[in-house]
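First the structure, in the form of structure tokens, and then the observations on it.
In what follows, chains carry the letters A, B, and so on, assigned in the order in which the sequence lines appear, proteins first and then strands, with residues in each chain numbered from 1.
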2 protein chains.
Amino acid sequence: MGSSIAIINRSLHDQVASRIRDLIIEGSLEPGSRIDELQMLEELGVSRTPFREALRTLAAEGLVIVRPSKGSIVRKLTQEDVFSMLEVLGSLEKLAGELACERASDKEVEAMVQLHESMMECYRTQDRMPYYKMNQEFHSRLAELSKNETLQEMQSNIQARLKRIRYIGSQTPESWAGAVADHEEMILALKGRDATRLGKAMVAHLKKTWDRVKDGI
Amino acid sequence: MGSSIAIINRSLHDQVASRIRDLIIEGSLEPGSRIDELQMLEELGVSRTPFREALRTLAAEGLVIVRPSKGSIVRKLTQEDVFSMLEVLGSLEKLAGELACERASDKEVEAMVQLHESMMECYRTQDRMPYYKMNQEFHSRLAELSKNETLQEMQSNIQARLKRIRYIGSQTPESWAGAVADHEEMILALKGRDATRLGKAMVAHLKKTWDRVKDGI
DNA sequence: ATTTTGGATATTGTATTCAAAAGCCAAACT
DNA sequence: AGTTTGGCTTTTGAATACAATATCCAAAAT
């Protein structure tokens with residue numbers, strides 16, 4: 001109900017922005033490559049006005065770079081970029097974890113535990129895609145439990161920029177096992193409302209993410 | 001030289017965005033009030049295309065809210081908004097401080113000390129405006145010393161959203177004195193390369209900022 | 001008197017047009 | 001041969017024109 005109306009009501013600009021975001025994340029639009037307006041417009045079936053507005057918001061989100069008079073390109077992340085993002089994300093999720101321990105309701109904590117169980121099930125059956133999706137959900141939800149909107153916004157922004165890389169990242173069986181162990185620790189800390197412990201777990205988790213990812217950039 | 005060319009080369013869209021940003025910060029555009037396109041276009045002397053693009057980037061930056069088919073408004077910050085921003089800013093500047101202690105060169109630290117001295121001079125002569133400007137500079141520079149671009153970006157984004165409020169904030173003589181004492185502590189920690197101490201100083205400083213500001217929102 | 005409805009007006013959203021800048025290639029020159 | 005110049009083509013930037021939506025007010029109905 002509400003949601004479908006909301007989708008219909010969204011301005012063309014927003015729809016276009018989402019479409020391009022998806023194309024970037026799934027890799028159809030290669031990092032560093034120029035975005036051909038003409039071709040894009042054809043595919044999306046819109047005119048230049050909403051399209052260019054969409055590019056502006058994507059630029060502000062850090063996914064795209066518009067070079068005046070020279071066309072837009074998909075932002076290509078260097079190793080330094082990714083490192084700096086993970087460093088900040090670590091700090092943000094640390095805060096998220098600490099605040100969640102203080103501010104989340106028992107019900108909310110229980111829901112996190114549930115989600116974790118589902119992830120474990122996927123791990124057992126080696127179901128990559130649903131695990132990946134739930135993992136995103138897990139981190140977003142933790143940010144929500146901080147009850148800090150700015151934190152959520154910043155986290156999801158960095159999350160979006162890293163999405164492609166993260167997916168590539170958690171590939172090897174060992175690294176997956178490591179990630180699972182990290183999540184186990186997080187859940188224990190959250191259940192015990194141990195802010196310090198959860199904070200540390202988040203930082204450690206993101207440090208490992210860097211180790212997994214750094215050679216693939 | 002380079003800078004002036006860069007300014008000339010900036011697209012109209014960017015110039016318009018900056019102009020509006022300034023209007024918001026200096027308070028000519030009241031939070032919560034509708035932005036009248038027609039009137040705005042007249043004042044700025046541009047057409048709707050670059051203007052609306054500018055609105056999109058400002059929206060992505062969180063300064064403006066565009067309500068589909070109902071016009072844009074200057075984002076109005078609630079107490080919760082400001083609290084959440086300062087909470088995140090605290091975490092970011094804590095990280096910035098810690099990293100700065102590790103990564104800044106002696107020369108850069110020396111430059112910070114210089115800046116601090118200038119601020120002290122302004123405090124002695126009770127020169128509000130230059131102190132305010134240098135204070136912004138101080139915090140931005142600390143973020144730079146972290147050598148983390150994402151951190152700088154996020155910090156400056158929150159900084160921009162809070163600018164108006166912060167200015168209102170540091171008004172009373174006592175609060176100013178308190179802020180000055182905080183900065184004294186920061187400089188000592190930085191000179192001593194004491195990451196933990198500087199981190200704590202940053203968090204404490206932003207907690208106090210909240211106390212100063214909260215009743216004025 | 002209050003609510004509802006119809007339509008005129010104002011405002012916003014999108015497409016199209018026009019202008020300017022960058023890219024490209026071939027011819028002329030060193 | 002390699003480099004520079006001039007103009008043609010493509011692409012981008014900005015303004016205008018057109019369409020859709022919301023807002024407002026008055027008249028009619030309950």
Side-chain angles (χ1 to χ4, degrees), chain A residues 2-21 23-24 28-61 63-76, chain B residues 2-21 23-24 28-61 63-76:
Chain A
S3 66
S4 64
I5 289 172
I7 288 169
I8 291 168
N9 263 9
R10 260 184 3 181
S11 66
L12 245 189
H13 146 84
D14 274 317
Q15 296 176 42
V16 171
S18 299
R19 279 288 268 113
I20 301 178
R21 243 183 244 114
L23 292 176
I24 292 175
S28 314
L29 247 36
E30 294 240 328
S33 70
R34 197 173 124 273
I35 298 176
D36 188 335
E37 281 194 13
L38 238 63
Q39 181 192 322
M40 231 29 177
L41 294 174
E42 191 121 321
E43 279 181 41
L44 299 174
V46 295
S47 75
R48 289 182 68 207
T49 311
F51 176 78
R52 303 196 87 236
E53 285 180 14
L55 281 184
R56 292 299 182 191
T57 89
L58 293 172
E61 289 171 3
L63 292 174
V64 150
I65 294 174
V66 308
R67 305 164 304 176
S69 301
K70 294 177 120 185
S72 306
I73 58 175
V74 179
R75 180 165 171 193
K76 187 173 192 169
Chain B
S3 66
S4 63
I5 288 171
I7 289 168
I8 291 169
N9 263 9
R10 258 182 8 177
S11 65
L12 244 189
H13 149 269
D14 275 317
Q15 296 177 40
V16 171
S18 300
R19 277 290 266 116
I20 301 177
R21 243 182 245 113
L23 291 177
I24 292 175
S28 315
L29 247 37
E30 292 241 328
S33 70
R34 197 173 125 273
I35 298 176
D36 187 336
E37 281 195 11
L38 237 63
Q39 180 191 324
M40 232 25 178
L41 293 173
E42 191 121 321
E43 278 180 41
L44 299 173
V46 295
S47 75
R48 290 181 68 208
T49 311
F51 175 78
R52 303 196 87 237
E53 285 180 15
L55 280 185
R56 292 297 182 192
T57 89
L58 294 172
E61 288 171 4
L63 292 175
V64 150
I65 294 174
V66 309
R67 305 164 305 177
S69 300
K70 295 175 116 188
S72 306
I73 58 175
V74 179
R75 180 166 172 193
K76 186 172 191 168

Rounding to 0.5 Å, atoms CD1 (A/Ile73) and CG (A/Leu29) come to a distance of 11.5 Å
Rounded to whole Å, CG of B/Asp36 lies from P of C/dT11 at a distance of 6 Å
Starting at atom CG of B/Leu41, determine the distance to atom P of C/dT11, rounded to an integer number of angstrom.
-> 12 Å
In short, B/Ala59 meets B/Val66 closest at the heavy-atom pair CB-CG1, 4.3 Å
Length of the CZ-P vector between B/Arg67 and C/dT11, whole Å | 13 Å
Output the distance between atom OG (B/Ser72) and atom CZ (B/Arg67), rounded to the nearest 0.5 Å.
-> 7.5 Å
Picking from C/dT11, C/dA21, D/dA22, the nucleotide nearest the side-chain atoms of B/Arg34 would be C/dT11
Pairing of A/Arg19 and A/Glu43 as salt bridge, 4.0 angstrom limit | no
Between atom CD1 in A/Ile73 and atom P in D/dT12, what is the gap in whole Å?
-> 12 Å
Nucleotides 14-18 of chain D: which of its N/O atoms have a protein N/O under 3.5 Å away?
{"from": "D/dA14", "atom 1": "OP1", "to": "B/Leu12", "atom 2": "N", "distance (Å)": "3.0"}
{"from": "D/dA15", "atom 1": "OP2", "to": "B/Ser47", "atom 2": "N", "distance (Å)": "3.0"}
{"from": "D/dA15", "atom 1": "OP2", "to": "B/Ser47", "atom 2": "OG", "distance (Å)": "2.6"}
{"from": "D/dA15", "atom 1": "O5'", "to": "B/Ser47", "atom 2": "OG", "distance (Å)": "3.2"}
{"from": "D/dA15", "atom 1": "N7", "to": "B/Thr49", "atom 2": "OG1", "distance (Å)": "2.7"}
{"from": "D/dA15", "atom 1": "N6", "to": "B/Thr49", "atom 2": "OG1", "distance (Å)": "3.4"}

Gap between atoms CE and C1', on B/Met40 and C/dA10 respectively (whole Å) | 19 Å
Note: A/Arg10 and A/Gln15 closest approach over all heavy atoms is O-NE2, 3.1 Å
Between A/Glu30 and A/Lys76, is the closest basic N to carboxylate O distance under 4.0 Å?
-> no
Take atom CG of A/Leu55 and atom P of D/dT12, then tell me their distance rounded to the nearest Å.
-> 10 Å
Considering only side-chain heavy atoms of A/Lys70, which listed nucleotide, D/dT23, D/dT11, C/dG23, is closest?
-> C/dG23
Atom-pair distance (CD on A/Glu37; C1' on C/dA22), nearest Å | 14 Å
